[in-house]
Amino acid sequence: MTKYNLTAAVIGTGYIGTQHLEALKMLVSEVIVCNADVEKGMAVAEKYGCRFYADYEEMFKQEKLDFVNICVPTPLHGTIALSALENGVNVICEKPFTSTIEEAYAVTQKAKDKNLTLMVAQCVRFSRKYEYLKRCIQDGRFGKLLSLELYRDGPKPNWSTGGWLLDLEKSGGVVRDVHVHDTDIVNFLFGTPKSIYTKGSALCCTTVFDYGCDTLVTATASWRNASSFPFSPGFEASFEKGVLKLSDKVFLLYTDDGITENPHLSEVFDDCMKHGNLITNEIDYFCHCLETGAAPDRCSPEDVCRSLEISFAESESMKNNKIINLSR
């Protein structure tokens with residue numbers, strides 16, 4: 001039984017689009033598939049029992065949609081989002097939000113003007129483990145945070161359609177495709193840093209986030225030149241009275257009293273975070289917002305726009321080998 005009586009459309013049926021589609025099939029009453037590649041799109045639509053469109057503009061004219069889920073290459077996000085909003089359709093858009101900051105703010109303003117709901121799918125905000133980290137920082141249960149090191153590694157995305165992810169003008173490289181997750185989480189945890197400094201290349205990078213205090217906050221991301229290399233996200237947070245370490249799916253708390261596995265299991269989380277899959281969590285949350293009329297405050301477009309600004313500052317820092325001041 002589906003949870004929400006909503007009709008949704010997925011635009012894009014690549015790796016991410018298919019994951020979103022599978023989550024939607026569990027959550028909403030009807031899903032429509034749209035893809036400019038007719039052969040691939042129809043194959044996916046047939047597999048999941050969905051109606052199919054090759055043209056999203058035609059779909060907007062013919063269908064009464066509650067929302068659209070945008071899962072196409074980043075350069076197309078802004079154009080499709082603006083079209084959906086202009087046609088009165090709520091939008092959830094895969095990260096990174098858009099190819100430029102100006103476009104991100106234009107989409108955000110359009111949603112406000114049309115009184116429609118917009119959310120960017122920064123899925124790590126819907127992880128119970130990262131939420132547990134945030135609670136530990138905020139309530140000081142293990143004392144002051146001394147350092148936080150985040151990392152996110154994976155194989156070089158040779159699989160992307162037409163190789164678009166390897167085109168830096170289109171994807172922004174590892175900074176925008178991979179590093180943006182942890183940049184967004186740093187923004188989610190602490191807000192905008194005073195300054196950032198990023199060192200690296202199109203394939204790997206490290207950012208130091210300066211918050212004007214002695215807490216060390218860094219994030220590293222990489223595309224490895226080995227197709228067999230596993231996707232490996234995680235972090236290590238050192239507090240005055242303990243250490244939290246997430247290494248892929250292994251989550252441990254170290255204190256003087258010993259080691260606790262999966263310490264987050266003792267916590268109570270919002271209902272939308274009960275799923276094991278982060279994509280399902282974020283779409284559940286978005287649907288709940290539509291059903292209740294609530295704003296998606298956990299992942300507001302304004303806040304994600306700020307994360308995108310930080311991400312572009314990282315690219316500038318790396319290109320020009322300089323510290324970028326972000327204070328307002």
Asks: Any side-chain heavy atom of Cys204 within less than 4.5 Å of one from Trp223?
Replies: no

Asks: Starting at SG of Cys287, measure out to CD1 of Ile92 and round the result to the nearest 0.5 Å.
Replies: 7.5 Å

Asks: Does a side-chain heavy-atom distance below 4.5 Å link Val10 with Cys34?
Replies: no

Asks: Would you kindly say whether Tyr4 and Asp66 are connected by a side-chain donor-acceptor distance under 3.5 Å?
Replies: no

Asks: Compare all side-chain heavy atoms of Glu149 with those of Thr220 and state whether any distance is below 4.5 angstrom.
Replies: no

Asks: So does Gln109 have more than 12 non-hydrogen atoms from other groups sitting under 6.0 Å from CD?
Replies: yes

Asks: With sequence neighbours excluded, what pairs up with Arg298 under the salt bridge (charged side-chain N to carboxylate O under 4.0 Å, His left out) test?
Replies: Glu131

Asks: Is it true that Tyr48 and Glu22 share a donor-acceptor pair across their side chains at a distance under 3.5 Å?
Replies: yes

Asks: Is the shortest side-chain heavy-atom distance between Cys123 and Lys95 below 4.5 Å?
Replies: no

Asks: Are Tyr53 and Val33 side-chain neighbours, meaning at least one heavy-atom pair lies under 4.5 Å?
Replies: no

Asks: Looking only at the side chains, is there a donor atom on one of Asn325 and Ser195 sitting less than 3.5 Å from an acceptor on the other?
Replies: no

Asks: Under a plain distance cut-off of 3.5 Å, with no hydrogens placed, do Ser317 and Thr198 share a side-chain donor-acceptor pair?
Replies: no

Asks: Just wondering, do Leu85 and Val91 contact through their side chains at under 4.5 Å, heavy atoms?
Replies: yes

Asks: Is the closest side-chain donor-acceptor distance between Asn262 and Lys129 under 3.5 Å?
Replies: no

Asks: Just by modelled atom types, is the Thr117 backbone N or O under 3.5 Å from a matching donor or acceptor in the Asn90 side chain?
Replies: yes

Asks: Could you tell me whether the side chains of Ser315 and Arg176 share a donor-acceptor contact shorter than 3.5 Å?
Replies: yes

Asks: Please determine, by modelled atom types, if Glu302 and Tyr105 share a side-chain donor-acceptor pair under 3.5 angstrom.
Replies: no

Asks: Show your working on side chain to side chain donor-acceptor pair (under 3.5 Å) between Ser83 and Glu57 and close with a plain yes or no.
Replies: CA-CA 8 Å; Ser83 177; Glu57 293 282 7; 2.9 Å; yes

Asks: Give the C-alpha distance, both sets of side-chain angles, the deciding distance and a yes or no for ring-ring contact (aromatic ring centres under 6.0 Å, His included) between Phe235 and Tyr151.
Replies: CA-CA 6 Å; Phe235 64 79; Tyr151 62 87; 8.5 Å; no

Asks: Under 3.5 Å, is there a donor-acceptor pair linking the side chains of Ser307 and Asn187?
Replies: yes

Asks: Between the side chains of Thr13 and Asn35, is a donor N or O closer than 3.5 angstrom to an acceptor N or O?
Replies: yes

Asks: Is it the case that Asn69 and His20 place a side-chain donor and acceptor less than 3.5 Å from each other?
Replies: yes

Asks: Give, for atom CG of Leu253 and atom CD1 of Ile259, the distance between the pair rounded to the nearest 0.5 Å.
Replies: 9.5 Å

Asks: Would you call the rings of Phe286 and Phe67 parallel, tilted or perpendicular, where under 30° means parallel and over 60° means perpendicular?
Replies: perpendicular

Asks: Once rounded to the nearest 0.5 Å, what's the spacing between atom CG of Leu146 and atom OG1 of Thr215?
Replies: 7.0 Å

Asks: Starting at CD of Gln122, measure out to CG of Asp184 and round the result to the nearest 0.5 Å.
Replies: 4.0 Å

Asks: Assess the side chains of Thr183 and Glu314: does a donor N or O sit below 3.5 Å from an acceptor N or O?
Replies: yes

Asks: Within 45° of the axis and under 6.0 Å from the centre of the six-membered ring of Phe251, does NZ or CZ of Arg128 qualify?
Replies: no

Asks: Holding to salt bridge (charged side-chain N to carboxylate O under 4.0 Å, His left out), I want the full list of residues that pass it with Lys144, two or more places apart in sequence or in another chain.
Replies: Asp214

Asks: Using side-chain contact (heavy atoms from CB on, under 4.5 Å) as the criterion, list what pairs up with Gln19, not counting sequence neighbours.
Replies: Tyr15, Ile16, Ile279

Asks: State whether a side-chain donor-acceptor pair under 3.5 Å links Glu94 with His77.
Replies: no

